[in-house]
Asks: 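Before anything else, here's the structure in question.
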Amino acid sequence: MTVLLKVNDLARRFKHGNGDFIDAVKGISFTIEEGEIFSLLGPNGAGKSTTISMISGLIEPTRGDALIGGHSIVREPLKAKSLLGIVPQEVALYPKLSARQNLDFFGRMYGMGGKALSVRIDEVLDIIDLADRQKDLIETFSGGMKRRVNIGAGLLHKPKLVYMDEPTVGVDPQSRRRILDTVFRLRDEYSMTVLYTTHQMEEAQELSDRVGIIDHGEIIAMGTVGELIQKVGEEDRLEFCVGEQKVDGLLKQFETQVEGVTKALYDAREQEGTAMIDGVITIYAKRGRKALPDLLRITNDAGLDVVSVTVHEPDLEAVFLLLTGRDLRE
Ligand SMILES: Nc1ncnc2c1ncn2[C@@H]1O[C@H](COP(=O)(O)OP(=O)(O)OP(=O)(O)O)[C@@H](O)[C@H]1O
Ligand SMILES: [Mg+2]
């Protein structure tokens, strides 16, 4: 395994207008291996963009360094940057130019030109799957298509490491799907390495070989999705909506008679603005789906009416909640 990015104690302090300081990034360290998709997952304001801006040489670190392919962003910024493809959070394209003309413009900015650029633009249009729309003006593109052109612009100089800053924010689910597929293709078909930032745990969970969870400028946990989820334990949480019914005896039965069940609770709440009672049985179980038939047999035998069943497998959301006491979505 070759380390492509090594981030070492990187920190950034900003001074606000009123003279106050904010430590947006507080000395973070991580490495990315060649061929990996690594995600920085964290809520708004966690320090993701600041971290990435330092790695890509857009802002200077207050402390620390990052090496891309062994080249320091502080001491050898040009060499380091030549290995990095940047896909910024904001889309910056010329609406009155076609997709191809935009890519041509960005290519020239990288010092490319002639036949080599033209060939590379063809390749990039294939990667982002927009070859058939290359002559259309950007202003006629959907948000998701613009994002893909934005990604393409970052790929022109054949970087080894591509960073993408929340490329799916504000796009519809279908476009989002295509962007995520593009990220996979960069790794699987084009042997690129990807540094991805997001505040959406589903995305990080689906995409990443490894995830760093960032909060208040610090990485609070790092590992494969599986490793991170192990932190919250391996129990599934099952919810049975049952309304207002007597369940006391049943809870004991679940706990003692069904394999894998460790705990069963009943919680009843008045539904806002109505006289209805919202009763939910929460069951913690190892391999919750396997326990489900036995649980339902018990409710059936008891004549209990189960309106709905949901199985929550442990996820990165639960990891964030465990580590910070807060919800990632807040
Ligand atoms: N140029 C700046 N001047 C002052 N403060 C800044 C500057 N850039 C960022 N900050 C502050 O640093 C903190 C981290 O911001 P950053 O943009 O890195 O967060 P983020 O994780 O990218 O969030 P989001 O998910 O909203 O993009 C925030 O409190 C932000 O207000
Ligand atoms: Mg950001």
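Just follow the structure's listing: the first ligand is 1, and inside any ligand the first atom is 1. We're numbering straight along the sequence, starting at 1.
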Asks: Assess the pair F105 and Y94: is the distance between their ring centroids shorter than 6.0 Å?
Replies: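 Between Y94 and F105, which both carry aromatic rings, the centre distance is below 6.0 Å.
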Asks: Under the 3.5 angstrom rule, does the side chain of D315 hit a backbone N or O of E317 as a donor-acceptor pair?
Replies: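 Between the backbone of E317 and the side chain of D315 there is a qualifying donor-acceptor contact (under 3.5 Å).
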Asks: Taking all non-hydrogen atoms of both residues into account, name the closest pair between I73 and P61 and its distance.
Replies: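 Of all heavy-atom pairs spanning I73 and P61, the closest is CD1-CG, 4.5 Å.
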Asks: A46 heavy atoms, cut-off 4.0 Å: which ligand 1 atoms fall inside?
Replies: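 Checking each atom against A46, I get 19 (O), 20 (P), 21 (O).
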Asks: Is NZ or CZ of K263 both nearer than 6.0 Å to the six-membered ring centre of Y284 and within 45° of the ring axis?
Replies: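 Checked: cation-pi criterion met.
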Asks: Got the closest protein heavy atom to atom 23 (O) of ligand 1, with its distance?
Replies: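 Protein heavy atom with the smallest distance to atom 23 (O) of ligand 1: G45 N, 2.8 Å.
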Asks: Closest non-hydrogen protein atom to atom 29 (O) of ligand 1, residue and atom name please, with distance?
Replies: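 Protein heavy atom at minimum distance: I22 CD1, 3.2 Å.
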Asks: Looking at R287, I'd like to know if its CZ atom is crowded, meaning that more than 12 non-hydrogen atoms belonging to other residues, nucleotides or ligands lie closer than 6.0 Å.
Replies: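 No - once you tally the heavy atoms of other residues, nucleotides and ligands closer than 6.0 Å, there are 12 at most.
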Asks: Judged on heavy-atom distance to atom 20 (P) of ligand 1, which of K48, H199, H216, H16 sits nearest?
Replies: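 Minimum heavy-atom distance to atom 20 (P) of ligand 1 goes to K48.
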Asks: Show your reasoning for whether side-chain contact (heavy atoms from CB on, under 4.5 Å) applies to I32 and V3.
Replies: CA-CA 6 Å; I32 303 183; V3 172; over 6 Å; no
Asks: Do any of the N, O or S atoms of S49 sit under 2.8 Å from the Mg ion (ligand 2)?
Replies: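 Of the N, O and S atoms in S49, at least one lies under 2.8 Å from the Mg ion (ligand 2), which means yes.
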Asks: Would you check the N or O atoms of G47, main chain and side chain alike, for any that come under 3.5 Å of an N or O of ligand 1?
Replies: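 Min N/O separation from ligand 1 is below 3.5 Å for G47.
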Asks: Please find the pair of heavy atoms, one from K246 and one from L304, that lie closest to each other, and give the distance.
Replies: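 So the minimum-distance heavy-atom pair works out to O-CD1, 4.1 Å.
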Asks: Who's the nearest protein heavy-atom neighbour of atom 12 (O) of ligand 1, and how far?
Replies: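 I find the closest protein heavy atom is A24 CB, 3.2 Å.
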Asks: Counting heavy atoms only, which of E166, K15, Q200, M54 comes nearest to atom 25 (O) of ligand 1?
Replies: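 Nearest option to atom 25 (O) of ligand 1, by heavy atoms: E166.
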Asks: Just jot down the ligand 1 atoms closer than 4.0 angstrom to any heavy atom of Q89, in number order.
Replies: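 In order of numbering, the contacting atoms are 27 (O).
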Asks: Distance to 0.1 Å, residue and atom name: give those for the protein heavy atom nearest to atom 17 (O) of ligand 1.
Replies: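 Going by distance alone, atom 17 (O) of ligand 1 is nearest to S49 CB, 3.7 Å.
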Asks: When you look for heavy atoms under 4.0 Å from ligand 1, do you find them on the side chain of I59, its backbone, both, or neither?
Replies: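 The answer is neither; I59 stays 4.0 Å or more away.
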Asks: To the nearest 0.1 Å, how far is atom 9 (C) of ligand 1 from its closest protein heavy atom, and which atom is that?
Replies: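 Going atom by atom, the protein heavy atom closest to atom 9 (C) of ligand 1 ends up being F14 CE1, 3.5 Å.
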Asks: Just need the protein heavy atom nearest to atom 18 (O) of ligand 1, so name the residue and atom and give the distance.
Replies: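 Answer for atom 18 (O) of ligand 1: T50 OG1, 2.6 Å.
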Asks: Side chains of E203 and Y196: any donor to acceptor distance under 3.5 Å?
Replies: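 Result is yes, a qualifying pair exists.
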Asks: Atom 26 (O) of ligand 1: which protein heavy atom is closest, and how many Å away?
Replies: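 Answer for atom 26 (O) of ligand 1: N44 ND2, 3.0 Å.
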Asks: Can a non-hydrogen atom of R12 be found less than 4.0 Å from any atom of ligand 1?
Replies: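 Under 4.0 Å: no for R12.
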Asks: How about Q89 and S49: does a side-chain donor come under 3.5 Å of a side-chain acceptor?
Replies: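 Yes, a side-chain donor-acceptor pair sits under 3.5 Å.
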Asks: Kindly confirm or rule out a cation-pi arrangement of R210 over F38, judged by NZ or CZ under 6.0 Å from the six-membered ring centre and within 45° of its axis?
Replies: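 So R210 doesn't make the cation-pi contact.
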